[in-house]
Structure formats: C-alpha cells, structure tokens
Amino acid sequence: MTKHVGMFASAQHSNMQRRDFLKLMGAGGAALSAGSLSWASRAAAQDAATVAFWATATLDIGDKWKAFATQNGVAPEFTDNGNDIGPVIARLAAGNANDLFDIGGFQGGAEKELARQGLIIPWDLTKIPNYESVWQWAKDIPYLKHDGKQYSIPTVVNADSIIYRPDKLGKVDSYGVIFDPKLKGRVAMEDAWINSAIFTAMYLKESENKPIVEPGNLTESELGLVMEFLIKHKKDGQFRTFWNGWEQGVQLVADQEVDAMTGWEPIVYEGRKRGLQVEYAAPVEGYEGWGNNTVLLKGAGDRGVTDTAHKFVNGLLGGFYGCELGQARGYLVPTDNNLTYAKAHPDEYKPDEVGKLAEHVKAKFAGKVYWQNTRPDNFQLYEEWWQKLRNA
Amino acid sequence: MSRARLPISSMLMAPPLLAILAFGLLPLIVVVVWSFWSWDPVTYWIKPDLSLAGYAGILEAGRWTVIVSTLIKAFGTALLCLLIAYPTSYAIHFLAGRRLNVILLALITIPFFTSYLIRSFSWRLVLGRAGIINDWLQAVGITDAPVDWLLFSNFAVVVGLVASYLPFAIFPLLLSMRRVDPTYLAAAQDLGAGFWKGLTTILLPLTKSGIFAGFLFVFVMVVGSSTEVQMLGGAGASIVSVMINDVMRVANYPMAFAISTIVLAVIFGLVLIGNRIFGLASLFEDQSP
C-alpha cells in the first residue's frame, strides 16, 4: 500500500522516472539481462503498474484510487485537465502533454481532430474485455471511432436539459420555455456555445422545423440561423444572464433569479437540498447527451505503456469505479458491471441506488438525444458568433 | 569615488534588471511578435509570419467594442475609486488618531484576504432579486417588486469592480499624503487659507503622483479582470480578458496576442503620459535630505 501512495505523486514526476528508467534500460541493459534483482528492476515493476491520467475532475475518485489500484493492478496518477478542450488540444499538439500523460479523459467531440493529428492512438478492444459490457447506445456515441478504429472509450455519460420551477411554471417539456416572451428576464442559459448553441439548435429543429441536420455540428448557415435567433432574444432582454460554473448555476435557482434555465441535473439536486421545488425537464426536443471519454495518448505508445493503459481502462469499466463515481458524484459509467459489483459488495455500495441511477440515465437515452460536441467542424465560427451574441 | 562606486552599483543593479528583462520585457516582446504570426491548423500552433489577420479579426464580431467598453469601464471605475479613495485617505492620514488609523487600514486591507470570486459572489446575494437591498426597498415601500437592474447589469459590474479595487487607489494616495510636509498646510492655514484653498493649491498638487498611481493601479486591474463581469454582468457581458479566453479556447492565438498587444500599448501609453503630466516617478523618489 505504501507503494501505491508513492504512485500518486505528480504525473510529471512519474514520467521523469519513466524516462530516466528507459535511459537506465539502455545503459544498463546487460546488468538487467543478467537477472539481477536490482533497484532498476523493482522500479520497472512499479512503473509497469502506473499510468498518468489527465482528465476532467469529474473522473477523479480521490483516495479511492488506492482501492482501484489494489483491485486492478494499475494505479493512475490523476491530473485535472481543466475540462476546457481548447487548451487541452493545444497542450497536446504544441505543448508537453504527450510527454507527461498516458491517458486522457475528455468531453466527447475532439477525438476526430486529435486522431487526425496523430495525438491519440487507437485502443485495442481485445485488451479491454469489460468493453463488452458497455451499453450499446454508449458504444454508438458518434465520436468514439475514426477511420474504423476505436479512439475513445465512453467512461461517464449523462444527458442535460432544463432546470425549472414547477411551482411557477407548471410542467415544462420544451426548450420553448427558454425563449418564451412571457418569461422575459426570468430565464438563463450557460455562457458556453458548446451547450447553448446545441440546445437552441435542438429547439429550432424539433419544434420550429428549421432546416438543421445535426444540432451538435452546425454548418455555417445553420449556425447563423441559430445564433441570429439567440441574438434576437438577447436583444429583447429574454435572458437574465448567461451562467458560468456550478455555484453560479445553483445560486440562480436557489435565489430565485430565474424560473427556468438550461443546465446540469446536479443543480436540481442541490436546489432541492436547499428546500426549493425544482424539476428537471424531459423535453420533447430531446436531451443533450454528453460523454466523458478516455483516449490513449500517443505518448503512452512512445513509452511502451499501452498494455498498462488498457488494463487501467478495463478497470474503469469493471464496476468498482462506476459504483464509486455514482455514489460520490451521481455520474454514471455506462455498464451493468456497476450493479454486479454493488450486489457483490452490498456493504460498500447500495445495489438499489446503483440500479436506480442506471435506470434514470438509461431512461433519458431511451428517447431522442443529440450529442454534445466539443469540437464541431466550424468551431472557430462558433466563437465568432458567440462574440456577436455577447456584443449584441 | 564615483568611479569606484560605478562597478559595484552596476553589479547590484544587474540582477533586478535581468529579472525585469526576463520576466517582464521578454514575455511582452513575445506577445507582440506572436501577434503577427499565423495559426497553423496542421500543427495546431502558430507559425512565423507577418500577418495582420489577428488584428483584422478584432474589427469583426464587435470585438473592438469590447476593447473600447473595457477601457471605458476601467476609466470610470478608476475615477470612481479616486473619488472615494481621496477623502478616505485624507481621513485616515490627517483626521484619524493612531488607533483609528490602524482600524481603518485593517478594514481596507480585509478584502485582500478573500478571493475576487467570493467578493463578487457576495454582491450577487446583496444585489439580487431576493437580496438585501431589494428586500429593504420592498420592506420600506419604495418598490413593490424587486428591482432587476441592480444585478446582472453594468451597475452591478461597476459596484463589484469598485469594491474589489478600491484599496489599490487608497494605498498610493496614503503614500503620497505621507510625503506632504504638514508645515505647508499649517502655514497656509496661518495665512488664512481655508480647507478648499489648502486642498486645491497645496494638497492636490503635492499628491498628484499618488492620484495618478491610484488611477493607474485600478485601471490596469480592471482591464485584466474578468470575475466581476462574469458574475455580475448581464447576459454574455464581456471584457477584454473574457474575450481573450474565448479566442484562446478555439486556438485563435494570434488574435489573442493581438488583443493583448493593443491593451499593452494603451496601458504603456497611459504610463508615459501620466509620468509626463503627473510625475508618477516622483512618488518613489528619495526624500531624505
């Protein structure tokens, strides 16, 4: 166990060790081949069971990684990547991320771009036996494959819609509520085109029959249509604000600044904890599905740790991790292995709750879902339009 | 004597000069140079070029209006801060006794112990629909319903900015007031000058370097701020640092550097002009006989 604690040192430190070790391998190959059980061979054993995991904080299970390492024989050194795909891609392409990290955990959508640039390498599914247990609809997330190769593994999935006050609005089942003039100044959206553009596009496509093919990847003209619509509503004073981050989102609801807003489901739970009547809508236009997917970084291949990386990802889908993430944060790993694990360890996790969470998310995905896309083809145009919206 | 001192003083000056060059000037030069490079979609990074695309982009999507509105916000906030800071500093330095002086200084310093995020967030609780002010306005019958423009508006942003950066105006003013020889004011009083006469003819001219330093500190801080605007501004409210963040997210680095260059040029120009008019450097001059 002491060894594992040591493994949770910074990723940079770990990879320095790994590089140093590779140098040692070259210089001292003869000594190693002589079968000496030296410091270097012990270090090799330790290194073989370590991967540098660079992911969204959502995927971190903190102290529980030790138990994960014990069960799966591989320990991650977790580093928060900030969950902002722009700087993440930049650091992979032009920075040192591939020198430091083995596996990435990113919001879905950038895989195609990363694969095209050779910054990530494909997974070998034969080395991830637990992938079989992943639910089919999660396997069908459109960003997982590129050129027929599996570049990412769905690790956490959920779907977002509208948080609303039923005591003020009754039952809400459409994004139309966000654009309803009667609610002028009583609604909000997130200050992020990644989410707000797709929500608006879904509404325009499904409820106003506008010619939009894929709300998560808008063409130039579709994007113009969507953003002009948002700009018009902003000019009309429709939005109280565009919110940023968890606490701001909660405060908008808790302090009754808005009656409805697009946002994350955990805000509903937090609102309820504060005694508010808050609901999460099941919109007729569908949910915005999102996945936090794990990718194999090119650096892992260069350093020869891909087998360990596969072992690690297999562990993520093994059940324990899903139970822990669900219990700690309410997020779901899309596999029945969670429930199997909870049933086998009822003293650690409540099978009822694990099952309930799974059914809740599955029910969302039983209907219409459009997938969040962190890197649409026209991503720079999205930013330009978002500036126009800001300045309108 | 001076010949012998020269090498020693040069040696003593070298480390801080090198540090300023390495940590101050060099990054600024890099920012300016990179603003003329172009983005390479293949490497996802910038490549050497002599392109004005980053600057041209500023003229699109209303980005230039963000720069202008940021400068106006910074100018207005700095002026407001000075209007509050000057009498405050005067009271602390000339009117308060030693004990009260310490208490007032502590009260001014306390905001530094909390983060900008917390400070801005607490203004939401004060200015919001269910906030303290709206509750009070309704309780005393001034309004029937919550006043919406108190929060998520330019008003809220300015309140947040002034509250955050006021100490940056007070401290240089205090410093400059401490350098005013009290006998000047006493002499003016003896000669029959009233408060306003003493203020306008003696105190204000003698503290002009502190006034400008306070203005400059607040101005620069506001130009680089983002939390107050994002937390307290209306839908999509922007400021230069938010805009830079937005373009960095989509890898438009040349434009981010171009925006930064323009802001740097404005601030640098302001420092030069201020130093010429207000004698900023005199604030740090040695007064010892």
Side-chain angles (χ1 to χ4, degrees), chain A residues 84-95 113-114 116-117 119 184-189 191-194 196 227 230-231 233-235 237-245 247-248 251-252 254-258 374-376 378-392, chain B residues 39-47 57-58 60-69 117-118 120-122 124-131 134 146 148-153 156 226-227 229-239 242-243 245-253 255-256 259:
Chain A
D84 194 340
I85 201 68
V88 164
I89 297 177
R91 208 170 152 199
L92 279 167
E113 183 79 41
L114 294 169
R116 213 162 34 203
Q117 291 187 50
L119 301 171
K184 191 170 157 181
R186 306 287 308 174
V187 297
M189 296 187 89
D191 192 356
W193 54 258
I194 285 174
S196 293
M227 295 307 294
L230 276 175
I231 287 170
H233 281 84
K234 192 206 157 189
K235 281 183 175 168
Q238 182 69 18
F239 307 111
R240 179 78 169 128
T241 189
F242 291 153
W243 62 275
N244 254 304
E247 195 51 47
Q248 286 190 52
Q251 190 263 342
L252 279 183
D255 290 341
Q256 304 178 47
E257 293 292 342
V258 297
T374 56
R375 223 55 177 173
N378 292 310
F379 67 92
Q380 289 193 328
L381 204 56
Y382 273 72
E383 186 277 330
E384 196 169 316
W385 272 105
W386 198 251
Q387 288 304 322
K388 286 181 188 169
L389 176 69
R390 282 191 188 286
N391 302 323
Chain B
W39 184 63
D40 183 355
V42 178
T43 61
Y44 229 73
W45 186 233
I46 47 176
K47 59 181 179 188
I58 294 172
E60 291 162 11
R63 288 190 178 94
W64 66 272
T65 62
V66 177
I67 297 177
V68 172
S69 74
L117 195 69
I118 300 291
S120 299
F121 198 81
S122 37
R124 285 173 76 144
L125 306 180
V126 173
L127 301 171
R129 278 189 174 130
N134 264 316
D148 279 349
W149 58 262
L150 285 178
L151 184 60
F152 303 127
S153 60
S226 62
T227 311
V229 171
Q230 287 187 308
M231 298 279 279
L232 304 170
S238 195
I239 198 162
V242 172
M243 184 165 66
N245 203 23
D246 282 347
V247 295
M248 289 289 275
R249 276 194 179 127
V250 293
N252 200 339
Y253 309 116
M255 193 189 292
I259 296 167

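Chain naming here is simple, since letters A, B, ... match the order of the sequence lines and numbering starts at 1 in each.
- Of all non-hydrogen atoms in B:G128 and A:E257, the two that sit nearest each other are CA-OE2, 3.0 Å.
- For a residue to count as touching a neighbouring chain, one of its non-hydrogen atoms must lie under 4.5 Å from one of that chain's; by this rule A:R375 touches chain B with the side chain only.
- Environment of CH2 in B:W45: crowded, with over 12 heavy atoms of neighbouring residues, nucleotides or ligands closer than 6.0 Å.
- Looking at A:N391, its side chain does come within 3.5 Å of a backbone N or O of B:A61 through a donor-acceptor pair.
- Residues A:E247 and B:L117 fail the side-chain proximity criterion, which asks for heavy atoms closer than 4.5 Å.
- Using a 4.5 Å cut-off on side-chain heavy atoms (C-beta onward), B:R63 and A:Q387 make contact.
- Across A:Y382, A:W386, A:W193, a single residue satisfies side-chain contact (heavy atoms from CB on, under 4.5 Å) together with B:V250, and that is A:W193.
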Next item on the list: Report the C-alpha distance between A:E383 and B:N252 in whole Å, list the side-chain angles of each, state the deciding distance to 0.1 Å, and finish with yes or no for side chain to side chain donor-acceptor pair (under 3.5 Å).
Entry: CA-CA 10 Å; A:E383 186 277 330; B:N252 200 339; 5.3 Å; no
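- Of the inter-residue distances, the one linking B:M231 atom CE with A:T241 atom OG1 reads 10.0 Å to the nearest 0.5 angstrom.
- Looking at heavy atoms from C-beta onward, A:Q248 lies in side-chain contact with B:R124 at the 4.5 angstrom threshold.
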Next item on the list: Would you sort out whether A:R390 and B:V66 count as a side chain to side chain contact (heavy atoms under 4.5 Å, CB included), showing the intermediate values?
Entry: CA-CA 9 Å; A:R390 282 191 188 286; B:V66 177; over 6 Å; no
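- With a 4.5 Å cut-off on non-hydrogen atoms, B:L151 touches chain A through its backbone and its side chain both.
- Interface summary for chain B: among A:M189, A:K234, A:R116, the most heavy-atom pairs under 4.5 angstrom belong to A:K234.
- Counting heavy-atom pairs closer than 4.5 Å to chain B, the top residue among A:D191, A:D84, A:D255 is A:D84.
- By the 4.5 Å heavy-atom criterion applied to side chains, A:Q380 and B:M255 are not counted as neighbours.
- Interface residue A:N244: only side-chain heavy atoms are found under 4.5 Å from chain B.
- Interface remark: B:V242 contributes side-chain atoms only to the contact with chain A (heavy atom separation under 4.5 Å).
- Heavy atoms of B:W39 lying under 4.5 Å from chain A belong exclusively to its side chain.
- Residues A:G86 and B:Y253 approach most closely at O-OH, 4.5 Å, considering heavy atoms.
- If you tally non-hydrogen atom pairs under 4.5 Å between each of A:F242, A:W385, A:F239 and chain B, the highest count goes to A:F242.
- Annotation: the span from A:I89 atom CD1 to B:R249 atom CZ amounts to 13.0 Å, rounded to 0.5 Å.
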